Undergrad: 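Once you've had a glance at the structure underneath, I'll fire off some questions.
Computed from a predicted structure; not experimentally measured.
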Amino acid sequence: QVHLVESGGGSVQAGGSLRLSCVASAPNYDGCMAWFRQVPGKEREGVVGTRNAMIQYTDSVRDRFTVSRTNAKTTLSLQMDSLKPEDTGMYYCASSSDNCEWLLRPDKYTYWGQGTQVTVSS
């Protein structure tokens with residue numbers, strides 16, 4: 001069992017920045033980690049997924065968000081710049097040791113954090 005704890009959410013105005021962090025209770029050397037987000041009434045959306053040197057962003061955040069992962073593979077950070085109101089949502093960190101060929105599919109991840117809220121006002 002791997003526990004994931006997110007932090008760094010908050011409220012900002014459009015154009016602002018936030019940095020999210022996810023700390024895992026155990027390293028995940030060969031697996032994948034990702035950030036997802038969800039708003040009420042909508043499906044959980046993959047924001048960015050990573051496995052080793054491979055990184056995949058969803059189109060709407062490319063060039064604005066940057067993901068980083070520690071060498072120990074225990075911390076996944078997400079720097080979010082130029083935030084837009086449509087970036088508002090609950091952001092979840094996820095981890096899996098396999099099924100990593102689909103980095104942005106939530107059904108491929110085994111472990112999930114509790115989420116951290118991001119609110120961007122116009």
Side-chain angles (χ1 to χ4, degrees):
Q1 183 76 16
V2 176
H3 296 281
L4 304 173
V5 179
E6 304 101 333
S7 62
S11 297
V12 296
Q13 290 189 331
S17 298
L18 284 173
R19 185 176 181 86
L20 306 182
S21 291
C22 170
V23 179
S25 60
N28 185 7
Y29 293 107
D30 296 320
C32 46
M33 295 185 74
W35 285 99
F36 290 82
R37 63 188 179 190
Q38 189 170 23
V39 295
K42 292 190 176 182
E43 294 184 354
R44 193 163 292 189
E45 173 192 25
V47 176
V48 57
T50 176
R51 182 188 186 191
N52 294 326
M54 184 167 56
I55 299 174
Q56 182 179 357
Y57 292 94
T58 192
D59 289 344
S60 64
V61 308
R62 192 172 290 118
D63 298 328
R64 298 189 297 120
F65 290 10
T66 305
V67 71
S68 60
R69 196 169 172 185
T70 61
N71 290 333
K73 304 296 179 70
T74 56
T75 302
L76 185 72
S77 298
L78 183 65
Q79 177 66 38
M80 305 186 296
D81 298 317
S82 302
L83 283 161
K84 302 176 180 181
E86 51 264 43
D87 294 318
T88 294
M90 185 70 77
Y91 281 68
Y92 297 92
C93 178
S95 173
S96 179
S97 58
D98 53 20
N99 287 325
C100 289
E101 65 272 21
W102 303 103
L103 289 177
L104 297 184
R105 281 183 53 172
D107 60 314
K108 299 301 183 182
Y109 286 82
T110 307
Y111 305 107
W112 292 85
Q114 294 299 307
T116 184
Q117 178 68 35
V118 171
T119 303
V120 185
S121 58
S122 58

Undergrad: If I compare all heavy atoms of R37 with all of S60, which pair ends up nearest, and what's the gap?
TA: NH2-OG, 3.3 Å
Undergrad: For side-chain contact (heavy atoms from CB on, under 4.5 Å), just list the numbers for D87 and M80, CA-CA rounded to whole Å, side-chain angles, deciding distance to a tenth of an Å, and then say yes or no.
TA: CA-CA 9 Å; D87 294 318; M80 305 186 296; over 6 Å; no
Undergrad: Is a donor on one side and an acceptor on the other found under 3.5 Å between the side chain of E6 and the backbone of T116?
TA: no
Undergrad: Find the distance between CG (D81) and CG (D63) and round it off to the nearest 0.5 Å.
TA: 11.5 Å
Undergrad: List the atom of R69, the atom of T50, and the distance in Å for their closest heavy-atom pair.
TA: NH1-O, 3.4 Å
Undergrad: Parallel, tilted or perpendicular: which fits the ring planes of W112 and F36, with parallel below 30° and perpendicular above 60°?
TA: tilted
Undergrad: Quick one: do V118 and Y92 end up in the same hydrophobic cluster if we chain Ile, Leu, Val, Met, Phe, Trp and Tyr together by side-chain heavy atoms under 4.5 Å apart?
TA: no
Undergrad: One pair to check against side-chain contact (heavy atoms from CB on, under 4.5 Å): T88 and Q117. What are the steps and the verdict?
TA: CA-CA 8 Å; T88 294; Q117 178 68 35; 4.1 Å; yes
Undergrad: Are V61 and L103 grouped together when hydrophobic residues (ILVMFWY) are joined by side-chain heavy atoms under 4.5 angstrom apart?
TA: no
Undergrad: Please report the shortest heavy-atom distance between S82 and S17, naming the atom on each side.
TA: N-OG, 4.4 Å
Undergrad: One thing to verify: whether D59 and R62 come together as a salt bridge, which I'm taking to mean a side-chain N less than 4.0 angstrom from a carboxylate O.
TA: yes
Undergrad: Using the rule that Ile, Leu, Val, Met, Phe, Trp and Tyr join whenever any side-chain heavy atoms are under 4.5 Å apart, tell me whether M90 and Y111 fall into a single cluster.
TA: no
Undergrad: Considering only heavy atoms from C-beta outward, does the side chain of S77 approach that of T75 to under 4.5 Å?
TA: yes
Undergrad: Got a second to check how far D30's CG is from S97's OG, nearest 0.5 Å?
TA: 9.5 Å
Undergrad: Heavy-atom count around D107 CG within 6.0 Å, excluding the residue itself: above 12?
TA: yes
Undergrad: Looking at every heavy atom in both C32 and Y109, which two are closest together, and how far apart are they?
TA: SG-CE2, 3.8 Å
Undergrad: Can you confirm whether more than 12 heavy atoms, excluding those of E43, are under 6.0 Å from its CD atom?
TA: no
Undergrad: Taking all non-hydrogen atoms of both residues into account, name the closest pair between S122 and P85 and its distance.
TA: CB-CG, 3.9 Å
Undergrad: Would S96 and K108 satisfy side-chain contact (heavy atoms from CB on, under 4.5 Å), going step by step from the backbone distance to the final call?
TA: CA-CA 7 Å; S96 179; K108 299 301 183 182; 6.0 Å; no
Undergrad: Say you draw a straight line from OG1 of T74 to OH of Y29; how long is it, rounded to the nearest 0.5 Å?
TA: 8.0 Å
Undergrad: Between L76 and W102, is there a shared hydrophobic cluster once you connect ILVMFWY residues whose side-chain heavy atoms come closer than 4.5 Å?
TA: no
Undergrad: Grab the two heavy atoms, one from R51 and one from C100, that are nearest each other, plus how far apart they are.
TA: CD-CB, 3.6 Å
Undergrad: Assess whether atom CD of Q114 is packed by more than 12 heavy atoms of other residues, nucleotides or ligands within 6.0 Å.
TA: no
Undergrad: For side-chain contact (heavy atoms from CB on, under 4.5 Å), just list the numbers for C22 and M33, CA-CA rounded to whole Å, side-chain angles, deciding distance to a tenth of an Å, and then say yes or no.
TA: CA-CA 10 Å; C22 170; M33 295 185 74; 4.1 Å; yes
Undergrad: When you measure from the side chain of Y57 to the backbone of V67, do you find a donor-acceptor pair of N or O atoms at a distance under 3.5 Å?
TA: yes
Undergrad: In the single-linkage hydrophobic clustering (I, L, V, M, F, W, Y; side-chain heavy atoms under 4.5 Å), do I55 and L78 co-cluster?
TA: yes
Undergrad: Quick one: are F65 and V48 in side-chain contact, heavy atoms under 4.5 Å?
TA: no
